[in-house]
Amino acid sequence: MKMELYSDAYYISRIKEGDAECFGCLLDRYSRRIFALIVRIVENREDAEEITQDVFLKVFKTLASFKAECSFSTWIYRIAWNTAVSETRRKKDNFLPLEENLTSDDAPESSLFSDDDDAEKHHRQLELLDKALTQLPADERAMILLFYKDEKTIEELAIITGLTEANVKVKLFRIRKRLSVLIRNMEEKDNE
Amino acid sequence: MNNNEINNERWKDLFSQLPEEKPSELFRSHMMEKIRREAACAHRRNERMAWAAVSFASVVLIVIAVATFIFMKTPKITIDFPSFALLRFSTLPLYLFIGAIALFLLILDNQIRKNYRKRHSS
């Protein structure tokens, strides 16, 4: 049974009153998005499913402490971020660090995107982005996905990650640069 | 739109087309099973806490009462326990009637609570 009729606040108040079944509605609303994010962070379906379950169990257990200082969506993403990123740190995420000189301004982002409607090139770009994402550290991957895929604002990202808004902006800029360099390098390798 | 905004839009467009993984079909049912178990645990925990609080409060009250009787010798009252021998036979049905009502109400209360819990847990 899937019901998505009322606001998050309504379901939260019902759950706080003891109606645990209402949690199913919050699951229907958020589980897919949270799972999609976590699977990208941990890069393993089984682990992602387990971590997503942990996230929702934490949400259920700590729901009484949710004071609506931010939206429920931001709160749940914050729990997902903390759980998934700390899990990858625990497992010692081994990524290849990019050299500083690779992240310099010599890779203008605009040249990455072609204006022509070449479907094949576009498809290739998607593939490269997918690959480039796997080469980023988990927290950076999560941050860029939250911003572009889940369309979170800088303010929301600051709440989710616990960083200041200025730090979030700087980090996003650097991550974008890193992605540009990674994609360009892969494109160059392809052309060789 | 400046260059930065155009690039932002292009990144957003590219990210929105990334393939998205979905949780397994059984994810929801497994999750809800865990939630129900956790809810039952929390209910039992709350009940235990309530019992502990009531027991603690009762013990505190009894200790205070005993201390008051022993150390402050107040109130100076004597308790005359009624002797059943003194009860007149005509008043016995009245006591039995009151006792039966109390018992009936206790059972009724218990039954209503059971029904309420059943309705709200299903």
Side-chain angles (χ1 to χ4, degrees), chain A residues 1-2 15 17-24 26-28 31-40 45-46 48-49 52-57 59-61 64 108-115 122-123 125-130 133 144-151 172-173 175-176 179-180 183, chain B residues 1-54 56 108-122:
Chain A
M1 185 175 64
K2 291 196 174 188
I15 296 163
E17 282 164 17
D19 187 358
E21 289 306 308
C22 271
F23 196 78
L26 295 179
L27 262 184
D28 294 337
S31 62
R32 203 174 143 174
R33 277 186 274 167
I34 296 288
F35 176 78
L37 174 71
I38 291 175
V39 84
R40 286 238 172 234
R45 261 196 78 87
E46 283 73 37
E49 201 146 309
T52 311
Q53 288 196 5
D54 283 350
V55 167
F56 280 101
L57 207 57
V59 168
F60 183 75
K61 281 180 183 174
E109 289 170 276
S110 52
S111 61
L112 276 179
F113 308 105
S114 60
D115 286 326
H122 189 73
H123 181 72
Q125 246 178 356
L126 268 178
E127 269 182 3
L128 293 177
L129 173 63
D130 215 355
L133 278 171
I144 197 91
L145 282 163
L146 280 168
F147 187 68
Y148 284 117
K149 194 149 176 67
D150 294 289
E151 299 191 354
L172 280 175
F173 176 77
I175 299 166
R176 250 190 344 242
L179 276 179
S180 307
I183 292 173
Chain B
M1 257 205 243
N2 60 31
N3 250 2
N4 202 24
E5 283 171 340
I6 294 169
N7 285 340
N8 246 340
E9 284 305 311
R10 284 168 160 177
W11 277 116
K12 202 175 274 181
D13 180 51
L14 210 55
F15 270 90
S16 69
Q17 291 172 62
L18 278 174
E20 199 174 271
E21 295 247 20
K22 290 176 196 164
S24 67
E25 292 290 314
L26 293 171
F27 175 81
R28 192 184 192 276
S29 56
H30 284 166
M31 196 64 238
M32 282 313 290
E33 212 172 284
K34 279 190 177 183
I35 294 296
R36 280 183 205 111
R37 244 182 284 145
E38 179 55 36
C41 270
H43 183 73
R44 278 197 298 273
R45 209 164 37 235
N46 287 345
E47 245 175 25
R48 275 200 298 271
M49 287 294 285
W51 272 110
V54 167
F56 179 73
L108 189 70
D109 173 70
N110 191 38
Q111 206 57 42
I112 290 170
R113 274 171 200 272
K114 262 187 192 169
N115 286 346
Y116 177 83
R117 273 185 210 136
K118 243 187 219 171
R119 226 180 312 134
H120 284 263
S121 64
S122 63

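First the proteins, then the strands, lettered A, B, ... as listed; each starts at 1.
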Which region of A/Arg45, side chain (C-beta onward) or backbone (N, CA, C, O), has a non-hydrogen atom less than 4.5 Å from a non-hydrogen atom of chain B, or is it both or neither? side chain
Ionic contact status for A/Glu151 with B/Lys12, cut-off 4.0 Å: no
Under a 4.0 Å threshold between the charged nitrogen and the carboxylate oxygen, would A/Arg32 count as salt-bridged to B/Glu20? yes
Best-contacting candidate, A/Asp130, A/Ile15, A/Asp150, A/Ile34, against chain B by heavy atom pairs under 4.5 angstrom: A/Asp130
Please state whether the side chain, the backbone, both or neither of B/Asn8 comes within less than 4.5 Å of a heavy atom of chain A. both
Against chain A, work out which of B/Pro19, B/Pro23, B/Ala39 has the most heavy-atom pairs shorter than 4.5 Å and name it. B/Pro23
Does B/Arg28 reach the main-chain N or O of A/Asp28 with its side chain, forming a donor-acceptor pair under 3.5 Å? no
Any side-chain heavy-atom pair of A/Phe23 and A/Phe56 under 4.5 Å: yes
